[in-house]
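Lettering follows sequence order; numbering is per chain, from 1.
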Amino acid sequence: MEWIRFAVGAVFLLIGISIFAIELIGVYKLNYVLDRMHAAAMGDTLGISASLIGLMIMNGVNFLTLKIFLVVLFLWISSPVSAHLLSLLEVTTNEDKESHYDSDENESAGRHEE
Amino acid sequence: MNTGIVLLDTVYDWFFLGVLIVLAVFLLLCLIRAIIGPKIADRLVAVNMVGTMVMVMVAVLALKMNEGYLVDICLIYAMISFLAVIILTKIYLGVYKEKKMREEESQ
């Protein structure tokens, strides 16, 4: 019985760590800050929740499990607020925003016609 | 982790050690990203990621060493990292606006 608990918890923990790896590859390959924030938010929500759910399964029904669940809940509530403020900082202090927007002068791969 | 079976205890120990080593390598790569990144917001995003990875490491350590109170440290660390991002953003916005006002006054 304990072995089944270890196996299920280990699968969740490994899924969480692979999501952190995908997030790290994304932050290195993308070019602009607001694109990198898409990748970083993936680790903040799905990566940490999968890892901590794996740890909760390994622990059984306990008071410690409830405390770990409180950590996940606080992070889910506070992470979008900090992402919003970071994007506000980037849009306010950027002198040359127009080169990143999709306007008529720099259209990409000819998606829009005329 | 304290189950009754001796073999399962050693398997838990080595598994948690492997997870901690992999997360430490990811943390170092995030730190390199914080040094490289050309703008301020790049560095703040990387510091946020470092905080999240530290939280997973502290929770894994709490199970490995069988000490329950390390999860309280994890919760307090989440609050402090959230507060740090907000305060740094407000400071940088204030510095930028002050520089703009000083440039407009000197013209």
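With a threshold of 4.5 angstrom between heavy atoms, A83(A) does not approach chain B through any atom at all. T3(B) touches chain A through its side chain: at least one heavy atom from C-beta onward sits under 4.5 Å away, while N, CA, C and O do not. Using a 4.5 Å cut-off between heavy atoms, F74(A) touches chain B through its side chain atoms alone. For a residue to count as touching a neighbouring chain, one of its non-hydrogen atoms must lie under 4.5 Å from one of that chain's; by this rule Y28(A) touches chain B with backbone and side chain alike.
Cluster annotation: V60(B) is connected to F69(A) through the hydrophobic network of ILVMFWY side chains, with a link wherever side-chain heavy atoms come within less than 4.5 Å. Following chains of ILVMFWY side-chain contacts shorter than 4.5 Å, one cannot reach F63(A) starting from L73(A), and the two form parts of different hydrophobic clusters. The hydrophobic clustering, which links ILVMFWY residues whose side-chain heavy atoms are closer than 4.5 Å, places V27(A) and I36(B) together.
L85(A) contributes atom CG, which lies 10.5 Å from atom CG of L44(B) (distance to the nearest 0.5 angstrom). With rounding to the nearest 0.5 angstrom, the CZ atom of R36(A) is 10.0 Å from the NZ atom of K39(B). For the atom pair M53(B) CE and I17(A) CD1, the distance stands at 9.5 Å (nearest 0.5 Å).
At least one side-chain heavy atom of L13(A) sits under 4.5 Å from a side-chain heavy atom of V19(B). Using a 4.5 Å cut-off on side-chain heavy atoms (C-beta onward), L89(A) and Y96(B) make no contact. Looking only at side-chain heavy atoms (C-beta outward), M58(A) and Y12(B) come within less than 4.5 Å of each other.
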Would you please test V56(B) and L55(A) for side chain to side chain contact (heavy atoms under 4.5 Å, CB included) and show each step? CA-CA 10 Å; V56(B) 175; L55(A) 288 181; 5.7 Å; no
Test side chain to side chain contact (heavy atoms under 4.5 Å, CB included) on T89(B) and L88(A) and set out the steps. CA-CA 9 Å; T89(B) 309; L88(A) 194 70; 5.9 Å; no
Does the side chain to side chain contact (heavy atoms under 4.5 Å, CB included) test come out yes or no for Y92(B) and T92(A), once each step is laid out? CA-CA 10 Å; Y92(B) 279 126; T92(A) 309; over 6 Å; no
Decide yes or no on side chain to side chain contact (heavy atoms under 4.5 Å, CB included) for W3(A) and I5(B), but give the supporting numbers first. CA-CA 10 Å; W3(A) 288 92; I5(B) 315 170; 4.1 Å; yes
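Among the candidates L75(A), D44(A), L52(A), N94(A), the residue making the largest number of heavy-atom pairs closer than 4.5 Å to chain B is D44(A). Between chain B and the options A41(A), S78(A), G9(A), S51(A), the largest number of non-hydrogen pairs under 4.5 Å is found for S78(A).
For residues 21-33 of chain B, the interface with chain A (any heavy-atom pair closer than 4.5 Å) comprises V22(B), L23(B), F26(B), L29(B), C30(B), I32(B), R33(B), sorted by residue number. Within residues 71-84 of chain B, the residues approaching chain A closer than 4.5 Å by heavy atoms are, in numerical order, V71(B), D72(B), C74(B), L75(B), A78(B), M79(B), F82(B).
Test D42(B), V85(B), L88(B) against L86(A) for side chain to side chain contact (heavy atoms under 4.5 Å, CB included) and you get one pass: V85(B).
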